[in-house]
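Everything below concerns the one structure shown next.
Every chain is numbered from 1, with letters handed out A, B, ... down the list of sequences.
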Amino acid sequence: MENIEIAAVLQNVADLLEIKGANPFRIRAYRNAAQVVAEWAAPLRKLVEEECDLTELPSIGKDMARHIEELVSRGELMLLQELSQDVPLSLVELTRLPGLGAKKARKLWDELGVETLDDLESAAERGAIATLPGFGEKTQDKILTAIDRYRKRRGRMKLGDADQHAVPLLDYLRANPEVKRVEVAGSYRRRRETVRDLDVLVIATQAEAVMGYFTSYPDIKQVESSGETRSTVVLRSGLQVDLRIVAPQSYGAALSYFTGSKEHNVKLRMRAIQRGLRLSEYGVFRGGEEEAGDPWAGEFVAGRDENEVYESLGLAWIPPELRENRGEIEAAERSELPDLITVGAIRGDLQMHSTWSDGKNTLEEMLEACVARGYEYFAITDHSKALAMTGGLDGAKLREQWTEIDEIAERHPGIEIMRGMEVDILGDGALDLEDAMLAQLDIVLISVHSRFDLPPGDQTERIIKALGHPAVNVLAHPTGRQINRRDPMQFDLDAVLQSAADSGVAVELNAHPDRLDLNDVQLMRARELGCDIVISTDAHRTTDLDLMRYGVEQARRAWLQPADVLNTLPFTELVRRLQR
DNA sequence: GCCGTTTTCGGCCCGACTGTTTTCAGTCG
């Protein structure tokens with residue numbers, strides 16, 4: 001059982017306890033533990049096997065340690081089963097809907113017998129919800145739209161979560177000596193922000209043995225189908241995995257075929273036909289039309305690796321992130337593919353938090369983590385006071401923070417610390433920090449954390465007003481979306497991007513895999529309109545700094561090159577470019 | 001349920017917004 005699954009079980013326990021009305025601090029203990037587990041770098045499974053003391057981990061005490069051991073050894077948790085005797089587990093899903101929490105879910109169950117999403121929908125449709133005390137017409141309508149949105153996105157897993165399942169699976173497969181090559185194709189390889197399933201390709205000497213090895217992977221919930229060359233399984237997380245064993249001479253063709261996208265493939269095949277070739281997952285062939293039905297008919301031209309497949313079609317190899325039929329084939333033909341940005345090109349991280357607000361590590365720990373990643377500079381950008389729950393800073397606190405920044409800067413001359421802040425954009429577009437303080441910051445990020453559902457016109461006006469403040473440097477997570485959780489705000493993004501470009505404010509690509517905001521398409525538009533772009537992790541702990549790669553991946557999908565991204569610049573140039 | 005230069009009990013992030021209220025409960029971040 002992987003950390004992310006253990007965390008999901010603990011999260012479910014917390015949700016059920018909350019619906020039951022348990023001690024809120026006990027609930028929080030489960031949530032805290034779930035978060036620690038989800039973010040722990042080493043698999044807890046291994047720690048359990050090595051009989052390490054799990055209570056050494058933060059927020060893990062005697063009980064949590066026992067739960068984790070039980071999950072690792074039995075694959076399920078008695079406590080969760082007991083709780084779901086009292087309260088149906090399906091109620092937890094209801095609380096995933098925005099605006100519907102534990103109390104309301106409980107009431108709907110008690111009063112209307114609502115247990116599932118379908119129950120909820122029919123109760124809302126027949127108007128039963130609006131009649132309950134504490135509920136009303138608006139709540140009922142909101143529930144219906146929330147169900148609709150929830151259904152639309154169900155079935156796609158965030159890329160960051162998929163990675164947590166894919167990496168251990170790949171390690172498992174590579175540990176088998178019969179496995180010669182293995183790679184995940186599909187949208188996972190194209191680094192789309194969410195994936196529906198994993199398409200795993202394998203070259204193996206003993207196909208049958210490897211298939212058996214795969215279908216006995218411990219994290220499998222169900223084997224859907226299993227044949228000589230292809231098996232489909234569902235992992236306990238619900239993620240579907242297709243594994244295909246391919247011949248070595250077809251590996252490149254298969255990798256290209258299963259990486260997609262579909263639109264990219266269609267165009268490649270048309271191109272093959274124009275050149276008197278036939279492209280399939282088996283390879284590139286010339287002739288053989290008379291033997292219809294035989295995939296190997298004709299002369300084998302290419303297929304061993306992707307390079308030779310593309311080459312045989314008169315194209316340069318195209319990075320997977322670009323394979324969306326957005327002009328990459330034409331660019332490859334003209335040898336004008338962009339020189340895509342890489343993690344190595346990033347010289348500093350421009351959004352992170354510390355224990356001064358809601359971060360988990362101290363300023364100095366964050367600094368040391370940036371040094372360890374080879375950065376030349378970083379910005380410390382704790383929250384402003386409007387975000388009370390994060391312990392946001394007011395002017396006086398900010399001044400105190402500067403004193404500490406000066407102290408640690410003196411101790412660590414090897415890296416530049418920028419005094420920054422993530423300042424809330426208030427409801428009327430004003431900023432949550434006095435002008436005199438804003439003027440003294442090295443970098444000012446602004447972002448929306450409240451009133452996400454203003455009418456679109458007002459929202460646009462609000463953000464554009466904030467962009468007009470002369471101290472502002474970066475618009476952080478511009479749409480406010482959280483993937484699979486919160487839709488982007490409704491506003492005129494084009495007008496906002498134009499305004500940012502005109503006033504010399506950079507827009508952020510927030511690299512956190514829960515956000516990825518702006519997304520790839522929006523980034524392309526931002527660049528088109530002349531916006532400067534920064535990629536930042538929004539780190540709340542030292543390990544979050546490694547999320548930079550998720551941002552870079554989306555930037556690559558947007559065709560960005562190092563020169564498009566401000567935090568690839570050396571420090572003095574960055575400072576100059578931030579001037580407005 | 002976790003944690004401890006507040007240490008074995010008694011704390012534990014808290015203010016704003018929404019929709020339903022007529023003084024507030026629930027939700028969110």
Side-chain angles (χ1 to χ4, degrees), chain A residues 9-11 13-37 53-68 77 79-80 83 94-108 110-111 129-143 145-146 353-360 382-394 397 422 424-428 430 432 447-455 458-459 462 476-477 480-482 485-487 489 510 512 514-515 517 538 540:
Chain A
V9 174
L10 296 178
Q11 201 62 256
V13 170
D15 289 333
L16 283 182
L17 286 172
E18 194 169 11
I19 295 170
K20 286 189 70 171
N23 173 357
F25 296 110
R26 187 178 172 213
I27 297 166
R28 195 150 85 204
Y30 279 93
R31 293 208 201 287
N32 290 342
Q35 197 184 354
V36 167
V37 170
D53 182 10
L54 294 176
T55 63
E56 300 277 309
L57 312 199
S59 300
I60 307 295
K62 248 173 63 192
D63 285 36
M64 294 299 168
R66 271 213 329 271
H67 293 332
I68 294 167
L77 186 64
L79 173 65
L80 184 68
L83 286 170
L94 303 193
T95 66
R96 303 273 187 262
L97 299 176
L100 223 179
K103 297 270 171 57
K104 283 187 177 165
R106 177 68 197 238
K107 200 160 201 175
L108 289 164
D110 283 343
E111 304 289 330
I129 291 176
T131 65
L132 289 180
F135 292 74
E137 290 288 341
K138 280 197 177 171
T139 310
Q140 184 166 274
D141 290 347
K142 255 180 114 171
I143 285 174
T145 33
H353 301 261
S354 72
T355 46
W356 281 85
S357 64
D358 60 347
K360 299 287 182 265
D382 278 302
H383 287 289
S384 61
K385 63 182 183 303
L387 227 53
M389 66 84 65
T390 65
L393 313 181
D394 60 15
K397 272 271 166 59
E422 184 183 9
D424 255 55
I425 302 175
L426 302 174
D428 60 357
D432 186 32
S447 58
V448 172
H449 290 105
S450 62
R451 314 202 60 179
F452 294 104
D453 51 3
L454 282 182
D458 296 353
Q459 196 70 274
R462 170 195 192 186
H477 49 73
R481 72 140 172 195
Q482 286 181 17
R485 257 185 68 194
R486 186 171 65 210
D487 285 334
M489 294 185 286
N510 190 294
H512 199 291
D514 292 345
R515 290 190 182 266
D517 180 11
D538 201 353
H540 281 69

For side-chain contact (heavy atoms from CB on, under 4.5 Å), just list the numbers for A:Met64 and A:Leu54, CA-CA rounded to whole Å, side-chain angles, deciding distance to a tenth of an Å, and then say yes or no. CA-CA 8 Å; A:Met64 294 299 168; A:Leu54 294 176; over 6 Å; no
Closest-nucleotide ordering on DNA chain B, the 5'-leading residue of A:Thr95 and A:Gly391: A:Gly391
Residue met sooner reading DNA chain B from 5', once A:Lys107 and A:Phe452 are mapped to nucleotides: A:Lys107
Separation of [N] [atom2] from [X] [atom1] (nearest whole Å):
X        : N      : atom1 : atom2 : value
A:Asp63  : B:dC3  : CG    : P     : 11 Å
A:His383 : B:dG29 : NE2   : P     : 13 Å
A:Lys138 : B:dT27 : NZ    : P     : 18 Å
A:Phe135 : B:dA25 : CZ    : P     : 15 Å
A:Glu56  : B:dC2  : CD    : P     : 14 Å

Select base, sugar-phosphate, or nothing to describe what A:Asn23 touches, counting heavy atoms under 4.0 Å on all strands. base
Distance between the P atoms of B:dT22 and B:dC17, in whole angstroms? 22 Å
P gap between B:dT8 and B:dC14, integer Å: 23 Å
Between A:Gln482 and A:His477, does any side-chain donor sit less than 3.5 Å from a side-chain acceptor? no
Would you indicate, yes or no, if [N] has its OP1 or OP2 atom less than 4.0 angstrom from a side-chain nitrogen or oxygen of [X]?
X        : N      : answer
A:Ser59  : B:dG1  : no
A:Arg106 : B:dG26 : no
A:Arg486 : B:dC28 : no

A:Asp15 and A:Arg31 ion-paired at < 4.0 Å: yes
Please verify the inter-ring angle class for A:His383 with A:His540; under 30° counts as parallel, over 60° as perpendicular, anything in between as tilted. tilted
Between B:dG1 and A:Asn32, counting only base atoms on the nucleotide and side-chain atoms on the residue, is there a donor-acceptor pair under 3.5 Å? no
Of the nucleotides B:dT18, B:dG19, B:dG26, which has the atom closest to the A:Asp453 side chain? B:dT18
